[in-house]
Each structure stands twice: as structure tokens, then as C-alpha cells.
There are 2 protein chains.
Amino acid sequence: MQAKKSDRMPETLVRRLPAYYRQLSELEQEGLTEISSFKLAERMGLTDSQIRHDLNSFGGFGQRGLGYRVGMLKNSIGDIMDINREHSMVIVGAGRIGSAVANYPGFKEAGFVVTALFDIDPKLIGKKIGGIPVLDAKKLQKYLAETGTDIVVIATPASEAQQTLDHVGGTKIRGVWNFVPITLTPPEGVVVINVHLTDSLMALSFRMHEMDVINEGHPWTK
Amino acid sequence: MQAKKSDRMPETLVRRLPAYYRQLSELEQEGLTEISSFKLAERMGLTDSQIRHDLNSFGGFGQRGLGYRVGMLKNSIGDIMDINREHSMVIVGAGRIGSAVANYPGFKEAGFVVTALFDIDPKLIGKKIGGIPVLDAKKLQKYLAETGTDIVVIATPASEAQQTLDHVGGTKIRGVWNFVPITLTPPEGVVVINVHLTDSLMALSFRMHEMDVINEGHPWTK
DNA sequence: TAGATTGTTAATCGATTAACAATC
DNA sequence: TAGATTGTTAATCGATTAACAATC
């Protein structure tokens, strides 16, 4: 049965889940064991009502009169996001973007481990980048079939990105993390999350410009 | 006069602006000179109504009966985002995150040029990373005062990020691009855009897990 | 117990979509 | 002109906020 789109959680809520997780980790490190929706809201710049609403869309995690247990809630949200286990990733494209991702710290400590890079360039194959071996891109499908890889990171030239995604569609991979700044069409049953860093910079530029426009009292439309 | 929050464009719309720009660039490369809201919507997975609505919040760029001029619209959206000029950036923190950003291609071709990295480590000061000089972090404020730097990229250890942001608040810098996975409090008059890559990975993990949960027919709440 | 705080429903707000007159 | 497509207002949809009974 094809899942209805309405079964999926709203994007706005999904973006808040990692923020909850991060905040709860910080509270845990501070040694706090309980927190109310009101205090959590204050720290995160949300409303208490929204937090209770968000959490209750996954279940009742709190105790009336007391609030939420920090460790228990963190663990529950970890279960919901399925990050209380290790995920393995491969990076397709060992150029500058792929190298930057391979060298990026923080993924590993969050439990996302890069096991291999793939490239077509014979000068790169056999080398290591950030301690991770670069393999022949021809062997990608075989590698994915033989290993329990969870996530494919796309870091190819723009011209190759859709084709790479289509290839991945033929494997058991169901998650793709795309760094290439183009609009991709995901194969059936594959989740694609885009990281468009240049878009993020443009949004920053817009907000800076918007501030000027507002301060000058000029509306956007004449 | 303090700008009302309501003067600011909705976040959902701001996230679509770079996507419009990117799509129009692709159309331009394909040699198309006109496009209707209907065809643009089809390519982008939006509705024609939404596109007209979005564009009209900045002005009337189309011609009834004809559609939109690709080049003209791209240029107009570029003006709105203020990306029809070069932006200069400095990166604070020349560790692994800062290096990855400094080595990342694509920013430069989008007109965002990194002019310097800053670090406190004497072993790094004086070196170059991705062709960009690493300067002494003590000289950051002076550098910002003397140059026309537009954007500060924060890539410090988590413990230093808020302090770095507070320092920046005392300069003429009004845009900060933060790669550190903590919740920062922006000084008055400074726009902060966060790039939380680990959050993005967690959202991917959630969506993959959600697919399983839906397919198994298990609701999130019992 | 009394005070506190959740879980949950109803009210509000804002964003998206539909509709159509204006006009190229 | 007739057909096409915008600009713009009204209707709808969905997300956020408010309110309060349940209960720790």
C-alpha cells in the first residue's frame, strides 16, 4: 500500500526534532534531570504549547505536575529519529565537495560513519581522503549490495548527480544526502535530503538586504 | 525605529528564492527566454498560483498573456537577494570545519569570496588553507574595521562560538553564517543563518525511519 | 492536599490554493 | 481580435497558540 502523504510528519516539525535532541543533550551535560515545556520553550525560542503539541504527536512523554525527564525524553526522540544506532555512509564523488564532507568532523561522533568514497578518476582510486579509501565508482552497486550501507552522499559534478541517484534507486539504499546544487527527482522509496549551501548563503544575503530595505522605509513593491 | 517582525518576508518564501534563482539560471542555459508560472511550477514541484503569489510580493515581473522573461526575472530576483554583486567573507576558526568551508568550491563562483581565515593556534597562523591566509584571531576586529567584509563564518569550537558572535556584534558586520551546532543568540542588528549539517542528517534518518513505520502500519503513537 | 504542569481540544493565525477580472 | 497568462482577492488548508480539564 502506498503511504498517503498525510501520514508524514510536517516538515516544520521534523526540522525541530534535531533541535530538541541537541537541547536535551545540553541540559543533560548541565546535569538537569527534569525540564518543563515552559523552560524548554524559553531556551529554544519556542512556545510551551508548541513543544507539548510536537511531543504529543509521537506519544505522551511527560508527567503532569513534573515535566519531562531529560534523559528519557532525549532517548525517546533519539528512537523516533532512529539515531540511537550507527549509520554507515558512502560518498559518491571524491572531488572537493566529497573531500570536504569526508573531512568534516562531527558526523562520526553523531554516529554517522563514512566507510568509503567512490570516484571514476584513476588518479584518486586507491588513495585515502581523511583516512577513508577511495574506490572505483564502477564498484558502487556491488559495494552497496554487499554491505549494509544506510546512506549515499551525492557529491558528483552536477551533470552526474541525477544519474547517480537513479543508480542508487536500484539498490536497497533508501536515504540520500545530496550536496549538488540542482533539483533532483528521487526514485520511488528513496528519501533525498538536500544540502544547498549556496542557497543558504543567498538567504543570508537576502535577510541582510531586507534589513536595509526595512530600515530605509522602502517597501519591496513600489 | 525598530522594524516590526511582520515586515519580514516569511521563512518559507525566503527558502524558495534561491530555488527560483537556480531554476532560472538553468532555463537561461537551456536557451529559454520566456516561462509561464505554470511551466515553472511543473519544473519546481510547486503550484503556478504560489509562484505568482511569491513573485508579486516583490513586484509585478510578468506580462499578462506572455509569462515571465527568464533573464529579466533572474536579474530581478538577484537584486532582491542582493547577489548581483560580490560578497566578501572571513572564516573564524581554521580547524577541520573552517578548512572544509575554505576548500568548498561553488561559493566563489556564486560571488561569495573568502578573503581570510582567523585562528588562535600559532601553528596555523601564517599558513594558507585552500590558498587563503590564516591570520591571528586577535586581529579580527581590526581586520573587520579596516576592510569591507560582508559576512563572518563561525567555525570555532562550540565553546567559543557565542563569544565570537558577541565580538562580531561590536563591528559593522551584519551577516553571520554559523556552522557550529549550538543555538546562538544574535546581537541586535546581526542576521545569523545556521548550517546544522548534523541536524540535516538526523532529519534524513527520521524520514527513512518514518517510511518504515508507515509501511509497517504502525502509527507513532499507540 | 494544593500547586504545578501535562495532554488535548478549540480558536487563531498565516500560508497555500482557487478563482477570475485585467490585459498582453 | 481571441487565447493566454498575469495580478490580486477570496476561500481553504494547515500550523501555531490558547485554554483548561486531567492528574502527578
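Letters A, B, ... mirror the listed sequences (proteins, then strands); counts begin at 1. For clarity, every value in this text was computed on a predicted model and none was experimentally measured.
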Between the side chain of Ser37(B) and the main-chain N/O of Ile51(B), is any donor-acceptor distance below 3.5 Å?
no
Close aromatic pair by centroid cut-off 6.0 Å: Trp220(A) and His209(A):
yes
Please lay out, stage by stage, how Phe107(B) and Trp177(B) fare under the test ring-ring contact (aromatic ring centres under 6.0 Å, His included).
CA-CA 13 Å; Phe107(B) 300 152; Trp177(B) 207 31; 5.3 Å; yes
For dA4(D), take OP1 and OP2 only and decide whether either is under 4.0 Å from a side-chain N or O of Tyr68(B).
no
Could you tell me how far apart Arg69(A) (CZ) and dC24(D) (P) are, to the nearest whole angstrom?
14 Å
In dot-bracket notation, what is the pairing pattern of DNA chain D, taking Watson-Crick (N1-N3 plus N6-O4 or O6-N4) and G-U wobble (N1-O2 and O6-N3) contacts under 3.5 Å, with [ ] crossing and | for other strands?
..||||||||||||||||||||||
Using the salt bridge (charged side-chain N to carboxylate O under 4.0 Å, His left out) rule, take Arg43(B) and Glu30(B) through it: C-alpha gap first, then chi angles, then the decisive distance, then the call.
CA-CA 13 Å; Arg43(B) 287 178 68 122; Glu30(B) 289 171 26; 2.9 Å; yes
Could you check whether Gln50(A) and Asp54(A), counting side-chain N and O atoms only, form a donor-acceptor pair closer than 3.5 Å?
no
Under-4.0 Å side-chain N/O to phosphate OP1/OP2 contact, Ser37(A) with dT6(C)
yes
In whole angstrom, give the distance that lies between atom CD of Glu34(B) and atom C1' of dA4(D).
13 Å
In this structure, how many angstroms lie between the P atom of dT6(C) and the CG atom of Leu73(A), rounded?
11 Å
Give a yes or no on whether the backbone of Met89(A) and the side-chain of Thr149(A) come within a donor-acceptor separation of less than 3.5 Å.
no
Can you tell me how far P of dT5(C) sits from CD of Glu42(A), to the nearest Å?
12 Å
Once base and sugar-phosphate atoms are separated, protein heavy atoms under 4.0 Å mark nucleotides 13-21 of chain D, 5' to 3', with B, S and - as --SBBBB--
Do Asp79(B) and Lys74(B) pass the salt bridge (charged side-chain N to carboxylate O under 4.0 Å, His left out) test, and can you show the C-alpha distance, the side-chain angles, and the key distance before you say yes or no?
CA-CA 9 Å; Asp79(B) 280 342; Lys74(B) 183 193 163 199; over 6 Å; no
Can you confirm whether Lys172(A) is buried at NZ, in the sense that more than 12 heavy atoms of other residues, nucleotides or ligands lie under 6.0 Å from that atom?
yes
Separation of dT5(C) P from Leu40(A) CG (nearest whole Å):
13 Å
Checking Ser99(B) side chain against Gly95(B) main chain: does a donor-acceptor pair fall under 3.5 Å?
yes
Whole-Å distance separating the CG atom of Leu66(B) from the P atom of dT6(D):
9 Å
